[in-house]
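Each remark here refers to the structure printed beneath this line.
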Amino acid sequence: MTTFASGTDTLTRDALTVLQPGFIGTTAPDWLLRRLGEGLASVGLFGRNITSPGQLAALTAQLRAERDDVLVAVDEEGGDVTRLEVRTGSSFPGNHALGAVDDADLTREVAYALGRRLADCGVNFNWAPSADVNSNPANPVIGVRSFGADPELAARHTAAYVTGLQSAGVAACTKHFPGHGDTEVDSHLALPRIDADPAVLQDRDLAPFRAAITAGTRAVMSAHILVPALDPDRPATLSRRVLTDLLRDELAYGGLIVTDGMEMQAIAGTYGIERGSVLALAAGADAICVGGGLADDETVRRLRDALVAAVRSGELAEERLAEAAERVRALARWTASAAADGAGRHRPPVADIGLLAARRALTVTGEEGFTPLTEPPYVAALTPVANIAVGDETPWGVAAELLRLLPGTETGSFAGDAAGRAALAAAGPRRIVAVVRDEHRHPWMTSALDALLAQRPDTIVVEMGVPQAAPRGALHIATHGAARVCGRAAAEVIAGR
C-alpha cells in the first residue's frame, strides 16, 4: 500500500512530488524517508550511493518500505558513465561503441541486459540513453556518450536502446533535448550555445528524439543549452518554446520531461536553482533533477518552498504544477505495472553480451604485421582531466586487463608537456602500450605520442575516446569508449588471446 503524505496540503505535496533529489551515503537518511512520507515521489542515486548489487537492493527496499511506488533513478549509461560499477568500470560498452558496431539488435540486447541488472537491484528509472548527435568533435562532455555523428545512426540506436531498456521494466529517459552534441562548453561548468539554423536542428539534432518518442520513451531530459534558433533568451530547460511548443506540441510527446541537474553551473550560475526550478516548471518541465552536487534536506526544502511561493504569487500556475506532479505519478504507475508484469523476465540476457559487444566495436589498424606480446609491457596512460559526467573515480585503460593476461605488466599515468619524455623514462626497455582518450582534443597528448613513436616506433596505441586522430603506432586499437570491457577487448588483441 502506498504511503500518502500526511499533514501536508495538496500544493506542498505536488511541489515535493516533482523533485528528484539525491543524498549522501549508502543507506537512506531520516530526512529523505520523512520527505517520502510527505509526498516526495522520486530519489536519484549516484556512484556515492552504490557499493554492490546487494547493498543497492537493500537501499531500494528501504526506500520502498516508506513509499512503495517511489521512482528510483540512476545515471547509468554504461560505458564511461557508470554508477553501478563506478569503482571497477562498466561491464557494458557505451553508446559510441554500439554505434561503431551499428547493429540495432545488439544495442537492444545490451540495453535490455543493463536494464535487467538495474531492475534486479530495484532501480526503475534510468537517466539514459544520450541521444545527442556528436556533430562537434571538440565537444568536451558528450563524445563517446553519443552513438555517433550520423543523425540516422543515432536515431536508430536511440530507439533500440529505449526499447531494450524498457522491455526490462526500467523507464528510459532520453537526453539531452534538444541535443547537446554541437557544443564546445560543458554545461556542468557554463552555459553552452548552439548556433545552428532551424533546418539543421530538425534534420540533425532532433532526429534521435523523434525516434525515441516513436519508440515510446517514458521520459525526456532537457539540456541546459542556449539555442537561439529556438529561443534567443532562455536555455532549453527554462524555455517554453523548447519544452512546450517544440517537444510537447510539434513532436507530440506526452511523457515526463525531466531537467538535467539544476545545480549545474549553466543554471545555478545564471538563474540560481530556486528561480531556475520555477522557470523550468513554468516552461513545461515535470520533474526537477537535483542531487548530483547539492544532496541534502535543505536543498529539497528550498526548492519545495520556491515552487509553493511561485504558485501563491501567481508566477507558476497551480494547474501546471498539478499537471507535472500527475505525470510523475503516471510514470510511477507504469514502473509499478512493469514490475508486477515481470517485464523482461521471460528471457535471460545474452551471456557476456557486454564483452561480446566490446569485442565487435574494436577497430584495429596494423594487425596484419603485428605479433602479440608474450612479455609484460609498460602501459603509459596519457590521462586527460575527466569530464564531470564521467567523474574521476572510475578506472579506465588496459593496464588491469593486461596485468591479468601478462603478469608483471606495469603502468603509469602521464599528462602535460613532459608526458612523452616521462613515459619513455618510466618504461625503460619494456614494450610500450600508450593509452589515450580523445587525442584530437589534447595537443599535449599528440606531442606525447610524437615523442614516444619517434624513440619507440614499436609502441602500441590504444585510443579509448572518439577516434578522430589518424591511427598510428605499430598497432592501433580504437575501442570507442573506456568501459572496463573495452579495455579487456583491447588487451585480448595485444596479448593474442
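Here the structure is a predicted model, which is why all the values come from computation and not from measurement.
Inspection of the S413 and T383 side chains reveals an N or O donor paired with an N or O acceptor under 3.5 Å. Counted by atom type alone, D132 and H176 present one or more donor-acceptor pairs between their side chains at under 3.5 Å. E76 and T82 form a side-chain donor-acceptor contact under 3.5 Å, judged by distance and modelled atom types alone. For the 3.5 Å distance criterion, the side chains of R484 and S91 qualify, holding a donor opposite an acceptor. For the residue pair H96/S146, the side-chain donor-acceptor check at 3.5 Å is not satisfied.
From L405, atom CG reaches atom CD1 of I494 across 9.5 Å, with rounding to the nearest 0.5 Å. For the atom pair CZ of F92 and CG of L355, the computed distance is 11.0 Å after rounding to the nearest 0.5 Å. Here the CE atom belonging to M262 is positioned 10.5 Å from the CG atom belonging to L19, to the nearest 0.5 angstrom. Atom-to-atom distance recorded for R83:CZ and E77:CD is 7.5 Å, nearest 0.5 angstrom.
Residue L56 is tested with D120, L45, T26 for a side chain to side chain contact (heavy atoms under 4.5 Å, CB included); the sole match is L45. M445 pairs with exactly one of D450, D438, V436 by the side chain to side chain contact (heavy atoms under 4.5 Å, CB included) rule, that one being V436.
One finds a salt bridge joining D75 and K175 here, because a Lys/Arg side-chain nitrogen approaches an Asp/Glu carboxylate oxygen to under 4.0 Å. Between R64 and D69 there is no salt bridge, since no side-chain N of the basic residue sits under 4.0 Å from a carboxylate O of the acidic one. Salt-bridge formation is detected for the pair E439/R472: a Lys NZ or Arg NE/NH1/NH2 atom is positioned less than 4.0 Å from an Asp or Glu carboxylate oxygen.
Below 30°, between 30° and 60°, or above 60°: for W444 and H442 the angle between ring planes is between 30° and 60°, a tilted geometry.
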